[in-house]
Amino acid sequence: MKHQNQQRIVVVGGGFAGVEAAIALRKKKYHVILVSDRDYFFIYPISIWIPTGKIPFHQSTLSLTKLSQKHGFGVIIDELTKVNGADKNIELKRTGVLDFDYLVLAIGAGKMKHPGLEHTFSICGQPEQSLSMKERFDALMERGHGKIAIGFGGNPKDKSGVRGGPAFEIMFNMIHVLKQRKLYQNFSFTFFAPMPEPGKRMGNSGYKMLDVLLNKEGIAKKVGKKITGFEQGGIRFEDDSFIESELTMFIPASNGAPVLQNSDLPLNEAGFVLIDDHSKVQGFENIYAIGDVAALEGPEWKAKQGHMAVIMAQQAAFNIHQQILGSPRRKGYQQHLNILCIMDTGDGAGFVYRDSKRDFFIPMPVVGHWLKILWGWHFKLTRTLGI
Ligand SMILES: Cc1cc2nc3c(=O)[nH]c(=O)nc-3n(C[C@H](O)[C@H](O)[C@H](O)COP(=O)(O)OP(=O)(O)OC[C@H]3O[C@@H](n4cnc5c(N)ncnc54)[C@H](O)[C@@H]3O)c2cc1C
């Protein structure tokens, strides 16, 4: 058997899960190579401030080169095109074949397709979309009036792939800026989602509070109707109704990353990688899948979130280490499942929490907004400085 420092550990993905796993494995002195198709870590939770111009794009990023220099892992900027789990290698677009002793797969999720998606902007897709959304929002503000529609979709095959929180954050942040510029009275907002009770996964308290906030701002609602397609000027629904919109921000639900269809790993119906409680891929002894790429098991309200990605990454590093040492000790993610989010509104936030025993939504005017800003700085500093 290979000695601890001869093990070659490859981490694919440079987001919450991949970066955290690489750092944690380096702390245990392993030789780690991180592969990512972007040369930066995009911190999605604070990217909600890019479209309204509150922060520039680069403030929502961390350079992978700088992180690798600080923590001592190698970086390959390249795209994963295939996983050959049985042969213990992966294929990369330019680099070719890369062998591994242990693989940590952390490539995040894919997005469900909808007709006409090119007429929408998403805050959960390619990072650059936050900038094109900013351009459109700026143009509408310049003109002085506009129609904005914001919504999210569902994935009936795996409901943990639904991401609604950022839709509300974008909407309330836009409203906040429009009010500051005394333009809000010239804008109309519509919130849309195909499920009858969007936001219910947060629990009853969060769901009710969101309704209060939407009503307070006079936002129109179109829920419970399937979206049939997006068009240049708006959104069409199954009942043939149409919402006019000049800026449509839509978050499609997640499904498995397309590259996984070209791999020999077990997938659930929605294309996410099947794992056990220790994040080890079912049927493979030396492959772990963590973060949004993995099929989560647990309560019906479970959700793919950044803090779960971080927990799974730290546990995967621990579990790999124990496996290499020949120890039976393992850590599991399921007991940590909860929903935790500071939902920013531009001038405050709501603290959302749900676990198997309780759920609550605590409105935090002013201080909540600063808490989220502080979280962002703290997250970046601790990873950059390695503290
Ligand atoms: C706008 C927004 C706000 C959010 N707010 C919160 C919040 O407040 N709290 C919270 O807990 N969660 C939040 N989330 C969810 C959280 O961001 C995700 O759960 C988290 O990013 C998942 O981390 P990940 O590393 O699994 O995937 P990702 O962050 O998506 O990272 C995937 C990485 O893999 C790379 N990659 C993808 N495909 C390939 C390939 N083929 N080859 C090589 N590299 C590849 C990507 O470049 C990226 O580096 C939010 C998400 C969004 C979009």
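As the structure lists them, so they are numbered: ligands from 1, and atoms in each ligand from 1.
Taking the six-membered ring wherever Trp is involved, the centroid distance between the rings of Y44 and F42 falls below 6.0 Å. For an aromatic pair to be called close, the ring centres must be under 6.0 Å apart, and F152 with F192 fails this.
Those atoms of ligand 1 that come under 4.0 Å of a heavy atom in A106, given as number and element, are 32 (C), 33 (C), 34 (O). Atom numbering of ligand 1 starts at 1 in the shown order; those under 4.0 Å from a heavy atom of H307 are 11 (O). The ligand atoms of ligand 1 that sit less than 4.0 angstrom from a heavy atom of C124 are 52 (C), 53 (C). Taking every heavy atom of I123 and a limit of under 4.0 angstrom, the matching atoms of ligand 1 come to 1 (C), 53 (C).
Looking only at atom types and distance, the side chain of E285 has no donor-acceptor partner in the side chain of Y102 under 3.5 Å away.
Every residue meeting the side chain to side chain donor-acceptor pair (under 3.5 Å) condition with K54, not counting sequence neighbours, appears here in chain and number order: H369. Residues passing the side chain to side chain donor-acceptor pair (under 3.5 Å) test with Q126: none are found, sequence neighbours excluded.
At a heavy-atom distance under 4.0 Å, only backbone atoms of D78 (N, CA, C or O) approach ligand 1. Heavy atoms of K372 found under 4.0 angstrom from ligand 1 belong exclusively to the side chain. Residue M308 does not touch ligand 1, judged by heavy-atom distances below 4.0 Å.
Nearest residue to atom 48 (C) of ligand 1 from K304, R38, E79 is R38 (criterion: closest heavy atom).
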